[in-house]
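See structure below.
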Amino acid sequence: MEIIPYASVGLLKLNMKKEEIRKIIAEIPEEFNRVSEEPTSEHFVNSGILVYYNEDEETNMAYEFTSPSEVSFQGISFLGMRERKAKKLFKKLDPDLIDFEETVISLEHGLSLFFMDRKVETVMVFERNYYDELFEELKKLEEI
C-alpha cells in the first residue's frame, strides 16, 4: 500500500470512520488503550495494522503498520529495514526530520519510523498536528 502524506495508505484514509476502516480491513480487531486517558485504539493483528482514534472514538488520526503489512513511501519499503539505512534514506526525504533515537519523525511527510533491535519495527502515518502535544511538553522541559 502506498502512503500519501497526511491523506491515506492505500484505501485507508485519515479521519475515516471506524465502521469504514473495519469494512476495508475485514478482520475483527483487538481493542486497547496506549494510555488510560486516551481513546480506545484497535489492532488488526493478522493484517499488522494499528488504528488510533480521535477523542470522538469514531474517526481515526493515525495508522501504524508492522509486519506482515506492506507499506511504502515514494517506492521505499521501510518495514524491517536496518536502522542506519532507514535513517539515512529518511533524512534524504526530509532533512528536517526529528530524531528521538528509537523514533524518527517527519512533519513534512506525516510519517514516523519506530526502531526495535536496530531495524524498523513500525511505520506510522498521522494527521497534521498529531505530535503537537508531545512537542509542547518537550518545550516546557527545555525551559526548566
Side-chain angles (χ1 to χ4, degrees), residues 1-91 93-94 96-142:
M1 294 185 291
E2 184 65 24
I3 296 167
I4 308 297
Y6 291 112
S8 64
V9 183
L11 297 174
L12 299 170
K13 294 177 175 57
L14 289 169
N15 289 303
M16 194 174 224
K17 297 249 182 245
K18 188 180 284 192
E19 305 82 46
E20 296 172 309
I21 294 167
R22 288 179 174 182
K23 283 180 186 174
I24 290 170
I25 301 176
E27 175 185 331
I28 298 172
E30 292 181 9
E31 293 188 349
F32 70 97
N33 292 80
R34 286 191 300 185
V35 179
S36 59
E37 306 87 46
E38 289 186 4
T40 301
S41 301
E42 295 182 319
H43 184 189
F44 295 85
V45 178
N46 295 328
S47 300
I49 303 171
L50 295 96
V51 183
Y52 301 103
Y53 291 97
N54 287 301
E55 291 296 320
D56 65 8
E57 295 202 22
E58 285 303 316
T59 57
N60 78 312
M61 63 179 155
Y63 294 101
E64 191 167 21
F65 299 88
T66 189
S67 181
S69 65
E70 295 180 13
V71 295
S72 61
F73 177 64
Q74 296 187 5
I76 302 168
S77 297
F78 285 102
L79 279 174
M81 187 181 286
R82 302 296 300 160
E83 179 177 359
R84 187 172 169 186
K85 180 179 180 182
K87 283 186 176 184
K88 186 176 180 180
L89 285 171
F90 212 51
K91 185 97 173 145
L93 294 169
D94 181 1
D96 297 322
L97 72 84
I98 301 155
D99 191 340
F100 288 115
E101 296 299 317
E102 75 273 348
T103 302
V104 289
I105 302 168
S106 169
L107 294 177
E108 179 180 340
H109 299 296
L111 296 174
S112 64
L113 307 177
F114 172 71
F115 302 98
M116 186 180 286
D117 298 327
R118 300 223 178 278
K119 63 182 181 179
V120 179
E121 180 71 19
T122 68
V123 174
M124 180 179 270
V125 178
F126 52 86
E127 68 181 10
R128 292 193 190 283
N129 307 315
Y130 179 79
Y131 281 107
D132 284 0
E133 193 174 306
L134 170 67
F135 294 141
E136 284 298 317
E137 290 300 316
L138 290 172
K139 188 176 179 181
K140 289 177 188 174
L141 289 174
E142 288 176 1

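With a 6.0 Å radius and a threshold of 12 heavy atoms from other residues, nucleotides or ligands, Glu70 has its CD atom at or below the threshold. The local environment of CG in Leu93 is crowded, with over 12 non-hydrogen atoms from other residues, nucleotides or ligands closer than 6.0 Å. Atom NZ of Lys91 has more than 12 heavy atoms from other residues, nucleotides or ligands within 6.0 Å.
Side chain of Tyr63 to backbone of Lys13: a donor-acceptor contact under 3.5 angstrom is found. When atom types are taken as modelled, the side chain of Lys18 and the backbone of Asn60 share no donor-acceptor pair closer than 3.5 angstrom. In this structure, Glu27 contributes its side chain and Val45 its backbone to a donor-acceptor pair below 3.5 Å.
With rounding to the nearest 0.5 Å, the separation of CE in Met16 from CG in Leu11 is 7.5 Å. One distance of note links CD1 of Ile105 with CZ of Phe100; it measures 5.0 Å at 0.5 Å rounding. Note that CD of Gln74 is 5.5 Å distant from NE2 of His109, once rounded to the nearest 0.5 Å.
Looking at heavy atoms from C-beta onward, Val123 lies out of side-chain contact with Phe73 at the 4.5 angstrom threshold. Side-chain contact between Val104 and Lys87 is present, with heavy atoms from C-beta onward closer than 4.5 Å. Contact of the Leu12 side chain with the Ile49 side chain is registered, since non-hydrogen atoms from C-beta on lie closer than 4.5 Å.
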Donor-acceptor pairs under 3.5 Å, side chain of residues 111-122 to any protein atom, not counting sequence neighbours: which ones?
| from | atom 1 | to | atom 2 | distance (Å) |
| --- | --- | --- | --- | --- |
| Ser112 | OG | Tyr131 | OH | 3.2 |
| Thr122 | OG1 | Glu64 | OE2 | 2.7 |

Check your understanding: Checking side-chain contact (heavy atoms from CB on, under 4.5 Å) for the pair Asn15/Asn54: CA distance, chi angles, key distance, verdict?
Key -> CA-CA 8 Å; Asn15 289 303; Asn54 287 301; 3.4 Å; yes
Practice item. Start with the C-alpha gap between Glu42 and Ile25, add the side-chain angles, then the distance that decides, and say whether side-chain contact (heavy atoms from CB on, under 4.5 Å) holds. Key: CA-CA 12 Å; Glu42 295 182 319; Ile25 301 176; over 6 Å; no
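The shortest non-hydrogen separation linking Pro29 to Arg22 is CG-NE, 3.8 Å. When all heavy atoms of Ala86 and Phe78 are compared, the closest pair comes out as O-CE2, 3.8 Å. Of all the heavy atoms in Phe90 and Ser106, the pair that sits closest is CZ-CB, 3.7 Å. Between Ser69 and Gly48, the shortest heavy-atom contact is OG-O, 3.4 Å.
You'll find the ring centres of Tyr130 and Tyr52 outside the 6.0 Å limit.
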